[in-house]
Structure formats: C-alpha cells, structure tokens
Amino acid sequence: MYIVKLIKNINANRNLLPLKLDQPETWHPAIDQALQTTRFYQLSKVEVIRRHFALLYALVERWRPETHMFVMPVGEVIVTMEDVLHIFGLPIDKEVVSDWIDSSHDFLVTQSFAIFGSKPQANSSSKSYINLSWVRHIRDTQSLDTWESVIRYVRCHIFCLLSTTLFADKSTTYAHAKYLPLLQNFDQIGNNS
C-alpha cells in the first residue's frame with residue numbers, strides 16, 4: 001500500500017528529482033567504437049534510469065549517508081565495487097587514480113586546450129570548476145568528420161559523465177577540473193579504475 005501511494009505521489013510531481021543526465025541518444029558509429037574503447041559505453045547507456053522516478057525516489061529515501069548504506073526492509077545494503085563493475089561496466093582492477101591535481105588557473109587553461117581545444121568557461125568564484133553547458137556545447141557542435149573530432153566529442157561526453165553520474169554532487173552546472181588529466185591520453189582512459 002505504501003509503495004502504491006508513493007508511486008502515485010511521484011507520478012503527480014515528476015520534478016522531485018533533478019534530471020542531471022543527458023538524454024539517451026543514438027551515436028555515430030565512430031563514437032560507439034570510441035566509447036567502447038574507453039570502456040564508458042555501458043555507463044553512457046545507464047542514463048535511461050532517469051525515467052524510473054519511483055525507484056529513484058525510493059532509493060533516495062532509504063539512503064543513510066552516515067553509514068553509506070541503503071536501509072531496506074530485508075536489511076542493510078551496501079554498494080560494492082563489484083556493483084560498479086556490473087552496473088556501469090567500468091574496470092575495478094586497473095590503474096588506481098589517486099594523485100594530487102594542480103588547481104591553478106594556468107592548469108585549467110592548459111588542460112582545457114588539450115582536451116576541449118579552447119579556453120574554458122570557468123566558475124567566477126572558483127577557478128578550478130568548468131561550466132558543463134560549455135562542455136556540452138563543444139561536444140554537440142563537433143562535426144564528427146575526423147577522428148580528432150570524434151575523440152573530442154567522447155572526451156567531452158566522458159567529462160560530463162564523470163561529473164554528473166559517477167561523482168555527482170548538488171551542482172549540475174559546474175564540474176571540477178581534476179578529471180581533465182584522466183582524459184589527456186585517449187588510449188589510456190580505459191586503463192583506469
């Protein structure tokens with residue numbers, strides 16, 4: 001009874017959860033190939049969960065941040081690295097990403113030119129955050145007629161996934177520049193855990 005009532009309430013107000021992800025799309029075949037090479041293809045397809053408002057709302061209600069667990073009627077449930085592997089298709093036994101990242105404005109500009117091909121549109125209060133609408137604009141205006149434009153599209157797409165899906169926070173407008181070095185060497189993206 002409680003679940004039925006919850007679903008009716010959620011269907012009445014679908015704006016309870018923000019829509020943080022891009023709409024699912026059909027990609028150019030070269031983008032499919034590049035996303036599979038980087039191992040972000042499956043994560044790109046997870047976006048369809050946004051339509052399951054009742055499920056998402058129920059999970060949000062049952063999350064306990066102090067224990068990092070979901071409290072379910074059958075007991076406590078914790079998300080493991082194996083869950084990340086099965087749900088997102090991302091490797092968990094590759095190179096560990098743990099390094100100090102320079103957060104200076106020069107670092108941001110240098111990395112943005114290397115990854116996106118232009119000077120970043122940064123947050124005025126914190127120079128180490130990049131405007132996601134700017135990244136999406138770069139991604140969506142790629143002509144996809146050369147391998148370099150496909151790589152730039154995929155880098156932009158992965159940057160958005162990192163900041164809105166994997167390491168999401170309350171901001172859906174800006175993402176930290178610390179993810180940029182992970183996208184520098186395109187052939188090595190799939191070798192990171």
Side-chain angles (χ1 to χ4, degrees), residues 17-53 55-56 59-60 63 79-99 101 103 108 111-112 114-118 120-123 128-142 144 147-193:
L17 295 173
L19 299 179
K20 296 168 73 167
L21 306 172
D22 298 321
Q23 291 293 332
E25 52 189 86
T26 304
W27 287 296
H28 188 279
I31 292 173
D32 270 350
Q33 177 189 2
L35 281 171
Q36 290 175 4
T37 301
T38 61
R39 303 184 107 179
F40 276 83
Y41 182 80
Q42 188 171 334
L43 177 63
S44 297
K45 296 299 182 182
V46 170
E47 300 168 339
V48 296
I49 198 169
R50 76 165 74 223
R51 294 185 184 135
H52 301 284
F53 293 100
L55 173 63
L56 289 172
L59 288 173
V60 168
W63 178 251
V79 180
T80 64
M81 292 305 290
E82 286 80 16
D83 296 329
V84 171
L85 172 68
H86 293 296
I87 295 170
F88 294 140
L90 295 175
I92 59 172
D93 57 352
K94 300 285 185 179
E95 289 280 326
V96 177
V97 177
S98 63
D99 202 1
I101 300 295
S103 60
L108 179 72
Q111 291 291 316
S112 291
I115 304 299
F116 306 125
S118 61
Q121 197 174 45
N123 184 348
S128 57
Y129 284 86
I130 298 174
N131 190 324
L132 285 175
S133 63
W134 174 76
V135 175
R136 286 184 183 107
H137 174 72
I138 290 174
R139 180 192 64 189
D140 296 341
T141 57
Q142 293 300 310
L144 304 178
W147 182 243
E148 186 59 39
S149 64
V150 169
I151 289 175
R152 185 167 291 128
Y153 180 99
V154 171
R155 284 177 171 161
C156 291
H157 186 71
I158 292 172
F159 183 77
C160 291
L161 287 173
L162 288 171
S163 53
T164 61
T165 305
L166 282 181
F167 306 110
D169 59 12
K170 292 180 183 176
S171 170
T172 58
T173 309
Y174 290 93
H176 201 281
K178 66 185 173 186
Y179 306 121
L180 292 177
L182 301 174
L183 304 174
Q184 187 80 30
N185 187 346
F186 189 78
D187 297 330
Q188 296 298 314
I189 292 173
N191 292 336
N192 293 321
S193 285

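Values in this document were obtained by computation on a predicted structure and should not be read as measured data.
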Out of curiosity, [X] [atom1] to [Y] [atom2], how far, rounded to the nearest 0.5 Å?
| X | Y | atom1 | atom2 | value |
| --- | --- | --- | --- | --- |
| Glu148 | Phe186 | CD | CZ | 9.5 Å |
| Lys178 | Ile130 | NZ | CD1 | 12.5 Å |
| His176 | Leu108 | NE2 | CG | 9.5 Å |
| Leu182 | Leu162 | CG | CG | 7.0 Å |

Write down the atom of [X], the atom of [Y], and the distance for their closest heavy-atom approach.
| X | Y | result |
| --- | --- | --- |
| Arg39 | Gly190 | CD-O, 3.4 Å |
| Cys160 | Val135 | SG-CG1, 3.8 Å |
| Arg155 | Ala114 | NH1-O, 3.5 Å |
| Thr38 | Leu35 | OG1-O, 3.0 Å |
| Ile31 | Val154 | CG2-CG2, 4.1 Å |
| His157 | Ser44 | NE2-OG, 3.1 Å |

What pairs with [X] under side-chain contact (heavy atoms from CB on, under 4.5 Å), at least two apart in sequence or on another chain?
| X | result |
| --- | --- |
| Ala175 | Leu132, Phe159, Ser163 |
| Asn185 | Asp187, Gln188 |
| Ser118 | Trp134, Ile138 |

Report task. For the residue pair Ile115 and Gln184, establish whether any side-chain heavy-atom pair is separated by less than 4.5 Å. Result -> yes
**Report entry** CA sep, side-chain torsions, deciding dist, call: Leu180, Phe116, side chain to side chain contact (heavy atoms under 4.5 Å, CB included)
**Finding:** CA-CA 10 Å; Leu180 292 177; Phe116 306 125; 3.6 Å; yes
